[in-house]
Colleague: 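What follows is a structure written as structure tokens; I'll ask about it next.
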Amino acid sequence: MRGTPRFLKETMTDRADSVGGATEDVYDAHRMQERWLPVWDELQPFRSGDPKDAREKMYVLDMFPYPSGDLHMGHAEAYALGDVVARYWVQRGFNVMHPIGWDAFGLPAENAAIKRGIDPSVWTYENIEQQKASMRRYACSFDWDRVLNTCDPEYYHWNQWIFLQMFKRGLAYRRASQVNWCPTDQTVLANEQVVNGLCERCDSPVTKKKLTQWYLRITDYAERLLDDMEQLEELWPEKVLLMQRNWIGRSTGAEVEFQIDGGVEPVTVYTTRPDTLFGATFFVVAADSDLAAELAEGSPAQDEFVSYLAEVQKTSEMDRLSTDRKKTGVFLHRYVINPVNGERLPIWASDYVLADYGTGAIMAVPAHDQRDLDFAREFDLPIRAVIAADEDPALTGVATSGDGVLMNSGPLDGLSKESAIERIVEILAENGQGEGATNYRLRDWLISRQRYWGTPIPIIHCSNCGEVPVPEQDLPVELPPAADLDLSPKGTSPLGAAAEWRNVTCPTCGGPGQRDADTMDTFVDSSWYFLRFLNPHLNDGPFDPAVAKEWMPVDQYVGGVTHAILHLLYARFFTKVLYDLGMVEFNEPFTRLLNQGMVVMNGSAMSKSRGNVVRLSDELAEHGVDAVRLSMVFAGPPEDDIDWADVSPAGAKRFLARAWRVARDVTSDPDADASTGDRPVRQATHRAIADAQQAVETFRFNVAVARTMELVNVLRKAIDSGAGPSDPAVREGAEAVALLLSLVAPYTAEDMWAELGHEPSVARAGWPSVDEELVRADAVTCVVQIKGKVRHRLEVDPDIAENELRELALNTAAAQSAIGDGEPQRVIVRAPRLVNIVP
RNA sequence: GCCCGGAUGGCGGAAUCGGUAGACGCACGAGGCUUAAACCCUCGGGUCGGUCAAACGGCGUGUGGGUUCGAGUCCCACUUCGGGCACCA
């Protein structure tokens with residue numbers, strides 16, 4: 001201990017010498033860290049690239065970090081948990097690949113650059129070096145030969161390459177649409193950057209703006225993204241699968257064609273309730289759709305429509321989301337014809353219909369859809385019920401949307417909802433007026449960003465040839481130096497000002513062209529990085545398909561639930577695209593997924609503004625790496641949040657010191673024959689190993705630690721007042737503790753291993769084998785219940801026969817007094833644990 | 001509003017299949033070691049009653065009901081906390 005006065009240290013050393021001659025007598029976490037780090041650097045116990053390695057392969061992956069400053073408590077938890085899994089499988093004899101890299105592109109680097117006038121790359125690489133050093137000290141079992149940074153041209157080269165493959169197949173395309181716009185930062189925002197309608201950076205209300213942007217056609221994969229989740233059942237948290245299902249949002253219904261009165265082209269609507277078609281009393285198109293503008297053109301309502309649209313565009317996202325907002329809209333003085341009954345329905349434009357879902361137009365059935373009803377009541381439009389119900393929606397203001405018998409619906413009258421849907425789809429199909437259809441909530445992925453620090457989009461715009469892909473041999477398109485550019489937000493990409501970089505000749509016609517000035521969303525980077533780890537420096541492709549066949553898919557992925565939707569969905573999408581390109585033979589990238597919770601403080605997320613940030617570096621300095629890691633792992637189930645206020649790294653350290661002293665106290669030789677040792681101690685040891693093994697494999701790491709603690713308690717007692725320090729069973733137990741602890745507290749485990757006379761590294765020493773004979777108890781306690789209440793306890797042989805146990809139980813005084821003279825009504829025997837007597 | 005998940009001592013949490021509720025730890029208390037303190041070692045504790053202490057008994061896993069010989073675990077209703085989605089037709 002660093003603060004221990006000198007004279008005390010000497011006293012303790014004297015005592016140690018008199019006991020057994022151990023070189024160190026005090027558990028000193030910092031001494032251990034200094035002692036073992038260089039040894040591990042030398043041994044590289046977690047290198048995984050040897051082609052001659054015969055061990056079975058296992059790919060364990062932690063979500064890679066964004067390099068914003070040094071590691072924090074969240075990292076400490078995530079990497080401690082991932083490390084337990086990786087180190088466990090190494091001990092079990094697997095060839096574990098456990099790589100790490102940096103998700104190094106992104107806005108914080110650019111913000112820091114603007115603020116301090118330095119190059120984003122300088123800030124980024126400095127942080128990476130700092131985090132790398134911290135991870136090394138934190139004893140993460142990473143394979144340091146596989147490090148990658150997504151901001152390296154050798155990495156984003158392949159972002160561009162994959163983008164071009166998608167572009168060639170029509171999966172990457174540019175279109176104009178309404179996007180989230182931050183008026184302060186003058187930039188487009190991704191959906192995930194809009195928090196409660198506010199810009200996550202500057203908190204200004206987000207509005208919509210029509211811009212031409214690049215998209216990836218993830219909606220083409222909606223069906224497969226949904227269906228392939230079957231493979232992940234039981235292997236991914238149910239919660240994540242559910243969130244993904246909801247996000248994709250499949251719905252089934254029908255598309256119905258409506259003729260515009262006096263028009264030529266029909267308009268199609270999507271509805272999940274085609275059975276209510278006879279209840280349609282008006283028609284609504286999204287105010288910001290092209291169709292609305294076309295219909296308004298030349299109509300008496302044109303001026304009104306134009307000012308309404310302007311109003312809608314100005315409306316902040318926050319207001320738009322408010323639930324009790326009044327419905328607004330404009331009557332376009334145009335009509336559509338209801339295909340089933342020929343009725344003329346007035347067409348309205350409103351912002352409650354979304355331009356980018358379905359067809360951007362709906363048939364309104366106010367009696368059976370709350371939104372339509374609200375709108376109808378606002379503008380005095382007719383309401384016609386077509387499903388029988390007790391209440392009249394026109395009077396109550398509450399739409400009846402449940403099941404019921406159809407009425408006022410011609411051929412559908414008297415049918416149930418289900419059969420009416422079936423029937424109407426048949427009728428529409430026969431008349432060529434519609435068909436059954438499926439729709440998804442999922443939208444195409446907007447990937448272009450007006451930012452500097454990202455992957456340039458490898459497209460050249462040419463006035464003759466249009467969008468021309470940069471030839472593959474010219475990749476990567478590297479970022480121009482930041483020094484000459486103004487990175488401050490101004491609504492267009494900073495790259496636009498890099499004239500020399502931007503103006504190029506068109507690869508197709510040789511005429512003047514301009515590079516696309518936008519960069520890619522950083523989620524592109526993380527959508528395939530797990531494949532790049534296989535060959536992080538490969539020059540002629542993103543990865544080697546043959547190597548991918550050996551290692552992929554990732555056996556165990558570990559990361560925060562914050563990425564439950566976006567990152568995991570995008571990575572699954574990319575994997576399916578690569579499958580279609582013939583580059584991989586699997587269609588799901590992550591076989592098993594473990595979501596760890598967050599580290600919070602006093603119930604809320606740590607943040608500077610709350611002033612409740614616990615600094616990892618302080619905790620490490622005070623308690624040592626192992627104690628912090630152990631605290632994280634022992635605090636509770638990995639998927640639950642950890643409240644640091646409830647965690648005791650001091651207690652963890654106390655336990656580690658206790659374990660360490662047990663190893664130090666062992667006096668037998670390393671080759672002592674355990675089978676001659678004390679049987680109860682041996683039983684405790686083997687039971688602890690068996691339980692811990694089971695617990696680790698089911699992610700109950702806290703339980704594995706508890707079993708290790710129990711074993712240490714048994715060993716402490718055995719040494720002090722039982723079998724004694726020379727008993728071989730005590731050595732066997734201490735060695736088991738070192739091996740169990742090697743997953744959680746690598747320094748302590750290594751030091752114990754050395755104290756026990758073994759060579760490093762304990763991390764590769766192998767998992768102790770369990771002797772089943774020792775796991776079985778010699779005697780178990782059997783409870784005798786009378787009507788389900790415990791009245792007596794018996795010590796019995798674990799293999800006792802049911803009859804025998806029954807007799808024993810019936811002969812107890814408790815049973816006798818309960819039964820009296822007669823026969824018991826019922827006796828339930830569950831040998832060897834329980835007998836329940838019902839008198 | 002819709003969809004999920006949870007609720008166990010002062011606290012974090014354990015508890016395969018419905019079968020001894022509260023493992024392990026934190027905090028706390030008592031004792032031992034020590035001139036003393038810290039460290040360390042041992043012991044204690046759900047709660048109410050009972051007792052010098054114990055034995056022993058009643059109650060007890062958010063609330064109310066149900067199924068069962070037996071429920072923290074299964075079913076129904078509710079309370080409450082947390083998460084996701086949110087005008088998706």
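Every heavy atom of this structure was used, including side-chain atoms; hydrogens, water molecules and symmetry mates were not. Numbers restart at 1 for each chain; the letters A, B, ... are given by sequence-line order, proteins then strands.
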Colleague: Checking understanding here: a glycosidic angle within 90° of 0 is syn, the rest anti, so what is rC17(B)?
Modeller: syn
Colleague: So, does Arg661(A) get its side chain near the phosphate of rC39(B), meaning an N or O under 4.0 Å from OP1 or OP2?
Modeller: no
Colleague: From CZ of Phe634(A) over to P of rC26(B), roughly how many Å is that when rounded to an integer?
Modeller: 8 Å
Colleague: Touch check for Arg791(A), heavy atoms < 4.0 angstrom, all strands: base, sugar-phosphate only, or nothing?
Modeller: sugar-phosphate
Colleague: Are the side chains of Val835(A) and Arg830(A) in touch, meaning some heavy atoms are under 4.5 Å apart?
Modeller: no
Colleague: Under 4.0 angstrom, heavy atoms only, what part of the nucleic acid is Ser350(A) near: base, sugar-phosphate, or nothing?
Modeller: nothing
Colleague: Is rG9(B) in the syn or the anti form, by the rule that syn lies within 90° of 0?
Modeller: syn
Colleague: Please report, rounded to the nearest Å, how far the P atom of rC85(B) is from the NZ atom of Lys239(A).
Modeller: 11 Å
Colleague: Could you tell me whether the phosphate oxygens of rA14(B), OP1 or OP2, come under 4.0 Å of any side-chain nitrogen or oxygen in Arg707(A)?
Modeller: no
Colleague: Hey, are Arg826(A) and Asn836(A) close enough side-chain-wise for a donor-acceptor pair under 3.5 Å?
Modeller: no
Colleague: Distance between the C1' atoms of rC59(B) and rG50(B), in whole angstroms?
Modeller: 15 Å
Colleague: Taking only the side-chain heavy atoms of Lys789(A) (C-beta and beyond), determine which of rA89(B), rC85(B), rG58(B) contains the nearest atom.
Modeller: rG58(B)
Colleague: Would you tell me if any nitrogen or oxygen in the side chain of Tyr352(A) comes within less than 4.0 Å of OP1 or OP2 on rA89(B)?
Modeller: no
Colleague: Within this structure, what is the CE-to-C1' distance between Met243(A) and rC4(B), rounded to whole angstrom?
Modeller: 10 Å
Colleague: Starting at the 5' end of RNA chain B and moving along, which residue's nearest nucleotide shows up first, Ile837(A) or Ala650(A)?
Modeller: Ala650(A)
Colleague: From rC69(B), rC41(B), rA86(B), pick the nucleotide closest to the side chain of Arg441(A)?
Modeller: rA86(B)
Colleague: Please state the C1' separation for the pair rA15(B) and rG83(B) - nearest whole angstrom.
Modeller: 26 Å
Colleague: Determine whether Phe282(A) and Phe375(A) satisfy the following criterion, ring-ring contact (aromatic ring centres under 6.0 Å, His included), listing intermediate values before the conclusion.
Modeller: CA-CA 10 Å; Phe282(A) 58 101; Phe375(A) 193 84; 5.5 Å; yes
Colleague: Please tabulate, one pair per line, each protein N/O and nucleotide N/O from nucleotides 9-11 of chain B that are separated by under 3.5 Å, including the distance.
Modeller:
| unit_1 | atom_1 | unit_2 | atom_2 | d |
| --- | --- | --- | --- | --- |
| rC11(B) | O2' | Asp646(A) | OD1 | 3.4 |

Colleague: Could you give the distance separating rC85(B) and rU67(B) at their P atoms, to the nearest angstrom?
Modeller: 42 Å
Colleague: Tell me: CG of Leu656(A) to P of rC26(B), nearest whole Å?
Modeller: 12 Å
Colleague: Going by purine N1 to pyrimidine N3 plus the second Watson-Crick contact, or the G-U wobble pair, all under 3.5 Å, which nucleotide sits opposite rC85(B)?
Modeller: rG1(B)
Colleague: Work out how far the C1' atom of rC76(B) is from that of rA27(B), and round it to whole angstrom.
Modeller: 40 Å
Colleague: Would you mind telling me which of rC26(B), rA15(B), rC24(B) lies closest to the side-chain atoms of Glu710(A)?
Modeller: rC24(B)
Colleague: Say we look at rA77(B) and rA23(B): how far apart would their C1' atoms be, to the nearest angstrom?
Modeller: 34 Å
Colleague: Considering Watson-Crick and G-U wobble pairs with both distances under 3.5 Å, what does rG57(B) pair with?
Modeller: rC48(B)
Colleague: Would you say the side-chain atoms of Tyr27(A) pair up with the backbone N or O of Phe655(A), donor to acceptor, closer than 3.5 Å?
Modeller: no
Colleague: So what's rC78(B) paired with, Watson-Crick or G-U wobble, going by both distances under 3.5 Å?
Modeller: rG62(B)
Colleague: For rC24(B), does OP1 or OP2 lie under 4.0 Å from any side-chain N or O of Thr708(A)?
Modeller: no
Colleague: Measure from CZ on Phe375(A) to P on rC87(B) and round the result to the nearest Å.
Modeller: 16 Å
Colleague: Is there side-chain contact between Arg443(A) and Asp356(A), with at least one heavy-atom pair below 4.5 Å?
Modeller: yes
Colleague: Please classify the nucleic acid contact of Gly651(A) as base, sugar-phosphate, or nothing, using heavy-atom distances under 4.0 Å.
Modeller: sugar-phosphate
Colleague: Strictly by modelled atom types, are Thr219(A) and Tyr440(A) linked by a side-chain donor-acceptor pair under 3.5 Å?
Modeller: no
Colleague: Expressed in angstrom and rounded to an integer, what is the separation of Phe655(A) atom CZ from rA23(B) atom C1'?
Modeller: 15 Å
Colleague: Mind checking if Val353(A) touches a base, just sugar-phosphate, or nothing, with heavy atoms under 4.0 Å?
Modeller: base
Colleague: With rounding to the nearest 0.5 angstrom, report the CG to CG distance, Leu805(A) to Leu794(A).
Modeller: 7.0 Å
Colleague: Could you measure between the two P atoms, the one in rG57(B) and the one in rG62(B), and give it in whole Å?
Modeller: 25 Å
Colleague: Please report the closest heavy-atom contact between Gly651(A) and Ser648(A), naming both atoms and the distance.
Modeller: N-OG, 2.8 Å
Colleague: Write down the distance separating the C1' atoms in rU73(B) and rU16(B), rounded off to the nearest Å.
Modeller: 12 Å
Colleague: Between the protein and nucleotides 17-21 of chain B, are there any N/O to N/O pairs under 3.5 Å, and if so, what are the atom names and distances?
Modeller:
| unit_1 | atom_1 | unit_2 | atom_2 | d |
| --- | --- | --- | --- | --- |
| rG19(B) | O6 | Arg830(A) | NE | 3.4 |
| rG19(B) | O6 | Arg830(A) | NH2 | 3.3 |
| rG19(B) | N2 | Gln785(A) | OE1 | 3.4 |
| rG19(B) | N2 | Asn836(A) | ND2 | 3.2 |
| rU20(B) | O2 | Arg793(A) | NH1 | 2.4 |

Colleague: Side-chain contact, heavy-atom cut-off 4.5 Å: Val386(A) with Arg273(A)?
Modeller: no
Colleague: Quick check: do Asp372(A) and Ile362(A) have side-chain heavy atoms less than 4.5 Å from each other?
Modeller: yes
Colleague: For rU67(B), give its Watson-Crick or G-U wobble partner with both distances under 3.5 Å, or none.
Modeller: none
Colleague: Please determine, for the side chain of Arg654(A), which listed nucleotide (rA89(B), rG13(B), rA27(B)) has the closest atom?
Modeller: rA27(B)
Colleague: Can you tell me if Asn713(A) touches the phosphate of rC41(B), counting only side-chain N or O atoms and a distance under 4.0 Å to OP1 or OP2?
Modeller: no
Colleague: Over how many whole Å does the gap from Asp643(A) atom CG to rG82(B) atom C1' extend?
Modeller: 14 Å
Colleague: Under a 3.5 Å limit for both distances, which nucleotide forms a Watson-Crick or G-U wobble pair with rC17(B), could you say?
Modeller: none
Colleague: Does Lys717(A) make a side-chain N or O approach to OP1 or OP2 of rC43(B) shorter than 4.0 Å?
Modeller: yes
Colleague: Let me know the distance between CZ of Arg325(A) and P of rA86(B), rounded to the nearest Å.
Modeller: 16 Å
Colleague: When you measure from the side-chain N and O atoms of Asn702(A) to the phosphate of rA14(B), is any distance below 4.0 Å, counting only OP1 and OP2?
Modeller: yes
Colleague: Whom does rC40(B) pair with, Watson-Crick or G-U wobble, provided both distances fall under 3.5 Å?
Modeller: rG32(B)
Colleague: Determine the Euclidean distance between corresponding C1' atoms of rA14(B) and rG31(B); express it in Å to zero decimal places.
Modeller: 29 Å
Colleague: Determine whether a donor-acceptor pair (N or O, by modelled atom type, separation under 3.5 Å) exists between the side chain of Asn338(A) and the backbone of Leu277(A).
Modeller: yes
Colleague: Look up atom CD1 in Ile424(A) and atom OG1 in Thr271(A), then write down how far apart they are to the nearest 0.5 Å.
Modeller: 10.5 Å
Colleague: Can you pull out every salt bridge (charged side-chain N to carboxylate O under 4.0 Å, His left out) where at least one residue sits in residues 627-641 of chain A? Sequence neighbours excluded, please.
Modeller: Asp83(A)-Arg629(A)
Colleague: Counting only Watson-Crick pairs (N1-N3 plus N6-O4 or O6-N4) and G-U wobbles (N1-O2, O6-N3), all under 3.5 Å, who is the partner of rA23(B)?
Modeller: none
Colleague: Less than 4.0 angstrom between a side-chain N/O of Arg658(A) and OP1 or OP2 of rU42(B), yes or no?
Modeller: yes
